[in-house]
Amino acid sequence: MSFFKKLFKPEAPLLVAGEEPQGPLPRRMLMRTNLGDIELDLYTEQTPKTCLNFITLSNAGKYDDCIFHRVIKGFMIQGGDFTRGDGTGGKSAWGSKFDDEIVPGLSHDALGVLSMANAGPGTNGSQFFITLGACKHLDGKHTVFGRISAHSQGSIDTIRKIGSVRTEFQDRPAQMVKIIECRSME
């Protein structure tokens with residue numbers, strides 16, 4: 001095998017369609033960032049495929065050292081592009097895009113909503129965002145699959161701290177804002 005084929009050898013997917021693990025999914029995640037910790041509660045019963053993707057990528061270490069590449073004050077912080085780090089990459093635990101799980105009643109209604117970033121219907125991969133306020137115009141377009149734990153003031157403070165960093169061209173943070181690690185808590 002040539003050097004370049006070895007260098008660009010595709011990585012096997014973490015999950016295979018139809019062979020996903022069975023049983024209850026962890027409902028709580030801890031995302032450690034260089035600006036503080038974020039505790040997340042996942043909607044595993046309402047959005048099982050999206051949660052399985054996020055949990056699998058997290059526990060496999062795919063989000064470790066991944067940056068928040070986009071911060072828009074009062075709107076959202078976005079990360080999860082572990083392949084390119086600039087918002088143009090990332091891939092799901094299955095290795096390809098997967099369909100939305102839009103659930104009536106799950107809304108981008110406040111600060112701290114966890115949702116999938118996409119480029120249109122059925123294009124979910126690994127990128128996600130956390131809202132910095134109500135963004136109801138995103139309802140029906142992005143899968144809401146969790147939110148910051150209601151009992152964690154420290155998580156809210158961390159999100160606000162990340163949301164207030166100075167940004168440059170294309171809403172890229174001027175300072176490094178990254179996920180140190182993200183793992184399930186159960």
Side-chain angles (χ1 to χ4, degrees), residues 27-43 47 50-51 53-59 61-92 100-102 106-120 123-185:
R27 292 184 180 177
R28 299 192 66 225
M29 304 292 292
L30 177 62
M31 182 180 291
R32 296 182 56 237
T33 79
N34 62 322
L35 296 181
D37 293 348
I38 304 168
E39 292 180 36
L40 299 165
D41 292 332
L42 302 182
Y43 301 138
T47 57
T50 305
C51 289
N53 180 65
F54 187 76
I55 292 163
T56 301
L57 293 173
S58 294
N59 289 340
K62 295 298 185 183
Y63 293 132
D64 295 2
D65 295 320
C66 187
I67 65 168
F68 283 98
H69 63 270
R70 190 172 179 210
V71 173
I72 303 175
K73 288 179 181 18
F75 179 40
M76 60 87 176
I77 62 173
Q78 184 174 337
D81 178 358
F82 62 85
T83 61
R84 295 186 181 157
D86 62 3
T88 64
K91 60 182 178 177
S92 77
D100 301 313
E101 290 181 296
I102 305 298
L106 295 183
S107 177
H108 301 87
D109 59 357
L111 175 134
V113 173
L114 177 63
S115 189
M116 288 300 292
N118 63 37
T123 61
N124 297 294
S126 60
Q127 292 187 48
F128 61 88
F129 62 91
I130 302 172
T131 62
L132 297 172
C135 307
K136 294 182 76 84
H137 65 282
L138 299 177
D139 292 352
K141 298 175 185 167
H142 297 269
T143 299
V144 172
F145 67 101
R147 71 173 51 236
I148 290 177
S149 298
H151 69 278
S152 178
Q153 183 60 47
S155 296
I156 293 169
D157 294 344
T158 298
I159 293 299
R160 287 186 172 139
K161 190 183 302 181
I162 295 171
S164 68
V165 299
R166 190 173 62 81
T167 57
E168 297 176 337
F169 182 67
Q170 295 184 326
D171 306 306
R172 190 171 184 90
Q175 72 182 77
M176 177 72 66
V177 182
K178 72 176 184 173
I179 300 167
I180 297 168
E181 73 174 359
C182 187
R183 300 289 187 272
S184 56
M185 294 173 66

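- Annotation: salt bridge (Lys or Arg N to Asp or Glu O under 4.0 Å) contacts of Arg147 (sequence neighbours excluded): Asp109.
- Applying the ring-ring contact (aromatic ring centres under 6.0 Å, His included) test to Tyr63 and every residue at least two apart in sequence or in another chain returns Phe54, Phe128.
- Listed by chain and number, the residues in a ring-ring contact (aromatic ring centres under 6.0 Å, His included) with His137 are Phe75 (sequence neighbours excluded).
- Under the rule for a side-chain contact (heavy atoms from CB on, under 4.5 Å), the partners of Ala174 that lie at least two apart in sequence or sit in another chain are Arg166, Glu168.
- Scanning for side-chain contact (heavy atoms from CB on, under 4.5 Å) contacts around Leu35 gives Thr33, Lys161, Ile162, Val165, Gln175, Val177, with sequence neighbours left out.
- In terms of the side-chain contact (heavy atoms from CB on, under 4.5 Å) criterion, residue partners of Thr167 (sequence neighbours excluded) are, by chain and number, Val71.
- With a 4.5 Å cut-off on side-chain heavy atoms, His151 and Glu39 count as touching.
- Using a 3.5 Å distance cut-off with no hydrogens or angles, the side chains of Thr83 and Asp81 do pair a donor with an acceptor.
- In this structure Thr50 satisfies the side chain to side chain donor-acceptor pair (under 3.5 Å) test together with Glu101, sequence neighbours excluded.
- Contacts of Ser149 classified as side chain to side chain donor-acceptor pair (under 3.5 Å), with partners at least two apart in sequence or in another chain: Asp41.
- In terms of the side chain to side chain donor-acceptor pair (under 3.5 Å) criterion, residue partners of Ser107 (sequence neighbours excluded) are, by chain and number, Lys136, Asp139.
- Residue pairs meeting the salt bridge (Lys or Arg N to Asp or Glu O under 4.0 Å) criterion with at least one partner in residues 169-178, sequence neighbours excluded, are Asp65-Lys178.
- Partners of Gln170 under the side-chain contact (heavy atoms from CB on, under 4.5 Å) rule, at least two apart in sequence or in another chain, do not exist in this structure.
- For Asn124, the side chain to side chain donor-acceptor pair (under 3.5 Å) partners are Asp100, not counting sequence neighbours.
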